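Computed from a predicted model, the values in this text were never measured in an experiment.
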Amino acid sequence: MENSHLHYLEQLSEQYPTISKASAEIINLQAILNLPKGTEHFLSDIHGEYEAFSHVLKNGSGAVRKKIDDVFGRSLSEADKATLATVIYYPREKIELVKKTEEDMDGWYKITLYRLIEVCKTVSSKYTRSKVRKMLPPDFAYIIEELITEKPEVLNKEAYYDAIVDTIVNLGQTEEFILELSTLIQNLAVDHLHVIGDIYDRGPGAHLIMDRLMSYHSVDIQWGNHDIIWMGAAVGQLACIATVIRNSIRYDNLDMIEEGYGINLLPLATFAMNTYENDPCDIFVFKQLAGEKRNVSESTMIRKMHKAIAIIRFKLEGQLIKKWPEYGMDERLLFEKIDYEKGTIVLDGKEHKLKDTNFPTIDPKDPYKLTEEELNVMMRLRSSFLHCDKLQRHMRLLLKKGNMYKVYNGNLLYHGSVPLNEDGTFRKVNIYGTEYWGKELFDVLESYVRKAFFSTDMKEQEKGADLMWYIWTAPYSPLYGRKKMATFERYFLEDESTWVEPKSCYYDLIQKPEIADMILHEFGLYGNNIHIINGHVPVHRMRGESPVKCDGKVIIIDGGFSQTYRKRTGIAGYTLIFNSYGLTLTAHDPFESAEEAVKNEIDIVSRREAVELCDKRILVGDTDVGKRMKSRIRDLRELISAYQEGALPELEGGTYIAY
């Protein structure tokens, strides 16, 4: 036996100092390998829609309702099943509603408890007792374990369980117990959550989504371009800060900025009102939230702030493009293409008249230079972003749980695309003087993101911060994948043909099985039942477009969580479930509100369709975790052999065992 391997076994022996303990662990691991794999839940492009996101987490995209159907079959009516599902999703709210009409609350409590216990038994059955025990709420852990564990030694089980339930009700602990049991069912129904990018922007509740993810039991995140721009803002990159504020104003999300994160926008508002005092800023409209309407003075101020931050953003972007020629984005240096006297701009050889020609802060000789007042505004905003504890905590979660991509149980997850040439080969992308492509491009971009937060080399830190703006918007960024971001054109030009943001060739090429296979192989995936799962580009269901592409190898799950997209997609988001039986895709109806869901017992799961069903049930042993367990079993067997052959002595309680 090699010395290095013997040294590893010596370290392993500290955890398993005897043959019996190593054997017990092998038996435990071998048992787990034969359990059904846990349910994975995939979401993408949530875009700040907190209420819909929260509901989908609660119902596991139908996983909870399926368990209710499995348990009760036809023994419960559809109405009773809907009521039970609503109790699991919104226990406090549903109980308060029931109290208004139910005369025998103790009876209702008992019936509901028994039904919840049966569901909990089923959802916990695929896990070891040890794993379930770790997920139990501390205050009720012992009681729940007693109720959901089969006890063959108890002769009169019905009386035993009745006594426990009666005691819970008599002590007035029923509501808290139902709450904890419902939360446990939600957590057990979904073993692991994948968020495939774009938590931020458009909707008003991204900060609430991040709070929810902070406490979620098992999650990973693939960064989207809307996430990466917030990460850039959190490290103080000025163009990123201007972009996230512009996005928030555009979608009327100032409350999230000011109240959610405590960012003070007064300096921007003051500057905007002074600088554009006599400018109506008519083209700088914003999308008001459904059901809300700003008064005239608020709307006027927001339009002025909108213009002020948009102009600052374009200036800061121009500075970055000039600073880093290797970004290859010179065609987006638009301010220097403007004829400020004529009020026109030449794009692709065609002259266009600008809809707004009032640029009091732009020096035509140096159009990207911030005025002293603009710089002062940005420095104050930068300080607010850098010192916002809540924002920094959320960004640490994105760093801890997030990556540019993830390979997990035969699936390759990334938000946007893989840069390709028209002939289907990987496109080489220049990152600070070196060309990268394929997996290596994703890896180097992620390394620079992390350098922006952690590098002690100030130059590398700066390059990482600047590169996050590039990842947000560049044509060959894997997280953007369009030839341009036409924000300027949408503001200033009437010609709508200039507004088009052509998608990269990836979205056509990925329809070809050989291209999908090439990408999967690049990331180390071979064999059958492997997939690319990504979002970023909404699937237009109304046009007959399918989210399942390339003979099932590619699944795009951006279906329009964001209200902005729903008119185009015809639905309110796709989610994907991967359980021990295979892959199932769910298209969701729009979610009105939690109040409506509780009152009318409305679920938002609408249409479910199987993407891929397996011939035999998938076990833990077939997963990535199972592979690691099998490796651990091999190591433990070698440790036992080392004990038996005398290469290592057994150690019990600090004393060698002598034979």
Side-chain angles (χ1 to χ4, degrees), residues 229 232-233 236-247 249 267-279 281 283-284 303-383 385 432 458-459 462-463 465-470 472-475 484-493 498:
I229 198 71
Q237 210 293 324
L238 294 183
C240 294
I241 292 172
T243 299
V244 302
I245 293 175
R246 202 274 333 175
N247 290 347
I249 293 174
L268 175 63
T270 303
F271 166 77
M273 293 300 285
N274 290 336
T275 304
Y276 300 101
E277 181 179 6
N278 299 314
D279 186 339
C281 302
I283 68 171
F284 291 89
R303 287 200 307 273
K304 293 180 190 300
M305 291 171 67
H306 193 174
K307 180 172 183 177
I309 200 64
I311 297 298
I312 291 171
R313 170 193 162 173
F314 294 136
K315 286 186 176 185
L316 291 167
E317 290 180 341
Q319 291 178 19
L320 280 178
I321 293 168
K322 285 180 170 291
K323 179 180 179 181
W324 303 110
E326 55 265 55
Y327 287 1
M329 297 177 66
D330 285 0
E331 75 280 358
R332 299 309 294 167
L333 291 169
L334 301 180
F335 277 3
E336 59 195 51
K337 301 179 190 296
I338 294 175
D339 185 323
Y340 290 91
E341 291 185 1
K342 293 173 61 179
T344 60
I345 187 171
V346 176
L347 296 177
D348 298 323
K350 182 179 178 181
E351 187 175 63
H352 301 269
K353 186 172 180 60
L354 298 176
K355 293 193 290 183
D356 185 332
T357 58
N358 181 36
F359 302 116
T361 69
I362 295 179
D363 178 358
K365 296 178 182 178
D366 191 1
Y368 304 111
K369 182 180 179 180
L370 296 183
T371 65
E372 185 177 341
E373 292 82 2
E374 287 173 326
L375 183 59
N376 179 58
V377 168
M378 291 309 300
M379 287 299 101
R380 293 178 68 178
L381 287 169
R382 183 176 190 270
S383 178
F385 274 82
Y432 296 130
M458 297 304 292
K459 187 63 178 176
E462 178 188 355
K463 288 163 72 175
D466 289 351
L467 199 66
M468 281 191 271
W469 173 81
Y470 172 92
W472 147 255
T473 191
K484 68 176 182 180
M485 189 175 287
T487 310
F488 177 92
E489 289 88 338
R490 289 174 183 272
Y491 281 136
F492 291 102
L493 305 184
T498 66

Beyond-backbone contact of [X] with [Y], side-chain heavy atoms, under 4.5 angstrom:
X	Y	result
Ile362	Tyr340	yes
Leu493	Leu354	yes
Thr487	Phe314	yes
Arg303	Ile283	no
Trp469	Ile321	yes
His352	Glu489	no
Asp363	Phe335	no
Met485	Trp472	yes

Minimum heavy-atom separation for [X] to [Y], with atom names?
X	Y	answer
Gly343	Thr357	CA-CG2, 3.7 Å
Arg382	Gly236	NE-O, 2.8 Å
Pro367	Pro364	CD-O, 3.6 Å

Plane angle bin for Phe284 and Tyr491 - parallel if under 30°, tilted between 30 and 60°, otherwise perpendicular: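 Geometry flag for Phe284 against Tyr491: tilted rings.
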Phe271 vs Tyr276 aromatic rings, parallel, tilted or perpendicular, using cut-offs 30° and 60°?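 Judged by the thresholds at 30° and 60°, the geometry between Phe271 and Tyr276 is perpendicular.
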I need the [X] [atom1] to [Y] [atom2] distance, nearest 0.5 Å.
X	Y	atom1	atom2	result
Trp324	Leu467	CH2	CG	9.5 Å
Ile312	Ile241	CD1	CD1	11.5 Å
Met379	Leu370	CE	CG	8.0 Å
Arg246	Ile309	CZ	CD1	10.5 Å
Leu381	Phe385	CG	CZ	6.5 Å
Met305	Met273	CE	CE	10.0 Å

Test item: Asn274 side-chain N/O and Thr270 main-chain N/O as donor-acceptor pair under 3.5 Å: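 Checked: pair present.
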Using modelled atom types only, decide if a donor and an acceptor are shared between the side chain of Lys315 and the backbone of Thr361 within a distance under 3.5 Å.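 Answer holds: yes.
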Could you tell me which residues satisfy salt bridge (Lys or Arg N to Asp or Glu O under 4.0 Å) with Lys323, sequence neighbours excluded, listed by chain and number?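 Salt bridge (Lys or Arg N to Asp or Glu O under 4.0 Å) list for Lys323, sorted by chain: Glu462, Asp466.
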Partners of Asp279 by salt bridge (Lys or Arg N to Asp or Glu O under 4.0 Å), sequence neighbours excluded?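 Checked Asp279 against salt bridge (Lys or Arg N to Asp or Glu O under 4.0 Å); matches are Lys307.
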Donor-acceptor side-chain pairing of Glu373 and Thr275 below 3.5 angstrom: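 No donor-acceptor contact under 3.5 Å links the two side chains.
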Taking atom NZ as the centre, does Lys355 end up with more than 12 heavy-atom neighbours from other residues, nucleotides or ligands that are less than 6.0 angstrom away?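 More than 12 heavy atoms, drawn from other residues, nucleotides or ligands, come within 6.0 Å of this atom.
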For Asp366, does the CG atom sit with more than 12 other heavy atoms under 6.0 Å from it, leaving out its own atoms?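 Yes, because the 6.0 Å sphere around CG of Asp366 holds more than 12 heavy atoms from other groups.
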Determine, stepwise, if the pair Arg332 / Glu317 fulfils salt bridge (Lys or Arg N to Asp or Glu O under 4.0 Å). CA-CA 9 Å; Arg332 299 309 294 167; Glu317 290 180 341; over 6 Å; no
Test the Lys322-Tyr368 pair against the cation-pi criterion, namely NZ or CZ under 6.0 angstrom from the six-membered ring centroid and within 45° of the ring axis.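 No; the conditions do not both hold, so Lys322 does not lie above the ring face of Tyr368.
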Ile345 vs Thr498, test: side-chain contact (heavy atoms from CB on, under 4.5 Å). Steps then yes/no. CA-CA 12 Å; Ile345 187 171; Thr498 66; over 6 Å; no
Under 4.0 Å between a side-chain nitrogen and a carboxylate oxygen: does that hold for Glu351 and Lys342?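 The answer is yes: the pair qualifies as a salt bridge.
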